[in-house]
Asks: 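Right, I'll just put the structure down here and ask away after.
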Amino acid sequence: LVSQAVGPNPVLDAAVKRAVIVGNFEAAVDCCLRFGRMADALLLAATGGRELFQRTQERYFELMRDQPFAVMTHAVVNRGLESYVAQSDPATWKETLAVLCTYASTEEFAPLCDALAARLLRARD
């Protein structure tokens, strides 16, 4: 994998095009991932079926695991708000609360807020 997306690449484009023409979305996605073309990989994976999309999505989250935006997005997409609260930065508690207000179900909301409050109390000590 490359660390950053590459620009136009005739060899890559030809390989992806060939894979798509024969319906081999997995190969097309793999080519895109190898060259850092994540948006292309996700679009092709969405066309290639639910399982391929989920694997590609997880690969994206693995590659982006150190990015705060991706951590939050992973929690929202995968309904992992409990772990998001547990790992959240107490200094950005308002942001965490906003995520809970927006994405937590009615049943999840109070327990998640309690968990956030407990996290804030532990951080204060």
Side-chain angles (χ1 to χ4, degrees):
L1 289 174
V2 295
S3 60
Q4 292 185 356
V6 296
N9 180 324
V11 174
L12 171 64
D13 293 344
V16 171
K17 186 189 285 186
R18 279 192 306 274
V20 171
I21 287 171
V22 298
N24 190 345
F25 287 97
E26 187 142 1
V29 167
D30 186 55
C31 285
C32 292
L33 290 172
R34 288 178 187 270
F35 286 89
R37 304 234 324 234
M38 188 54 67
D40 294 333
L42 287 165
L43 287 170
L44 289 166
T47 305
R50 183 175 201 80
E51 184 180 315
L52 179 59
F53 182 73
Q54 288 175 332
R55 283 196 321 265
T56 306
Q57 189 179 57
E58 282 308 310
R59 184 73 182 275
Y60 167 80
F61 287 129
E62 286 172 21
L63 292 170
M64 302 297 289
R65 71 179 161 266
D66 296 330
Q67 302 298 320
F69 170 76
V71 172
M72 179 191 65
T73 304
H74 185 271
V76 169
V77 168
N78 292 308
R79 306 295 304 156
L81 295 175
E82 188 173 320
S83 64
Y84 178 69
V85 169
Q87 297 171 13
S88 65
D89 180 355
T92 61
W93 69 268
K94 290 178 186 177
E95 179 181 285
T96 303
L97 181 59
V99 168
L100 298 180
C101 288
T102 304
Y103 296 104
S105 68
T106 304
E107 298 79 30
E108 294 174 305
F109 186 73
L112 287 169
C113 287
D114 289 344
L116 178 58
R119 180 147 174 74
L120 293 172
L121 287 172
R122 281 192 308 275
R124 190 176 68 173
D125 294 339

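Heavy atoms only: backbone and side chains are in, while hydrogens, waters and symmetry mates are out. Owing to the predicted nature of the structure, the values given are computational and were not obtained by experimental measurement.
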Asks: Show the numbers, then the answer: is there a side-chain contact (heavy atoms from CB on, under 4.5 Å) between V85 and T96?
Replies: CA-CA 7 Å; V85 169; T96 303; 4.1 Å; yes
Asks: Is it true that a side-chain atom of N78 and a backbone atom of G80 form a donor plus acceptor pair closer than 3.5 Å?
Replies: no
Asks: Under 4.5 Å between any side-chain heavy atoms of L100 and L81, yes or no?
Replies: yes
Asks: Measuring only between side-chain heavy atoms, which start at C-beta, is R55 closer than 4.5 Å to E26?
Replies: yes
Asks: Is any side-chain heavy atom of F61 closer than 4.5 Å to one of T73?
Replies: yes
Asks: How about C32 and M38: do any of their side-chain heavy atoms sit closer than 4.5 Å?
Replies: no
Asks: Would you indicate whether E82, at its atom CD, is surrounded by more than 12 heavy atoms from other residues, nucleotides or ligands within a distance under 6.0 Å?
Replies: no
Asks: Side chains of H74 and Q57: closer than 4.5 Å at any heavy-atom pair?
Replies: no
Asks: So, for A41 and V29, which heavy atoms are closest and what is the spacing to 0.1 Å?
Replies: O-CG2, 3.5 Å
Asks: Could you tell me whether a side-chain N or O of Q87 sits under 3.5 Å from a main-chain N or O of Y84, the two making a donor and an acceptor?
Replies: no
Asks: I'd like to know if the side chain of R79 and the backbone of Y103 have a donor-acceptor N/O pair within less than 3.5 Å.
Replies: yes
Asks: Are D13 and K17 within salt-bridge range, i.e. N to O under 4.0 Å?
Replies: no
Asks: For the residue pair A28 and V20, what are the closest heavy atoms and their distance?
Replies: CB-CG2, 3.9 Å
Asks: Could you state the interatomic distance from CG (D40) to OG1 (T56), rounded to the nearest 0.5 Å?
Replies: 12.0 Å
Asks: I need the F25 CZ to F53 CZ distance, nearest 0.5 Å.
Replies: 14.0 Å
Asks: Backbone N or O of E108 within a donor-acceptor pair of the S105 side chain at under 3.5 Å?
Replies: yes
Asks: If you take all heavy atoms of S88 and L116, which pair is closest and at what distance?
Replies: OG-CD1, 4.2 Å
Asks: Do side-chain atoms of R65 reach the backbone of E62 as a donor and acceptor pair under 3.5 angstrom?
Replies: yes
Asks: Compare all side-chain heavy atoms of L43 with those of T47 and state whether any distance is below 4.5 angstrom.
Replies: no
Asks: Show, in sequence, the C-alpha distance, side-chain angles and deciding distance for L44 and L52, and conclude whether the side-chain contact (heavy atoms from CB on, under 4.5 Å) test is met.
Replies: CA-CA 9 Å; L44 289 166; L52 179 59; over 6 Å; no
Asks: Might you point out which heavy atoms bring M72 and V99 nearest each other, and give the distance in Å?
Replies: SD-CG2, 3.5 Å
Asks: Go through the steps to decide whether R59 and L33 satisfy the test side-chain contact (heavy atoms from CB on, under 4.5 Å), and finish with yes or no.
Replies: CA-CA 9 Å; R59 184 73 182 275; L33 290 172; 4.0 Å; yes
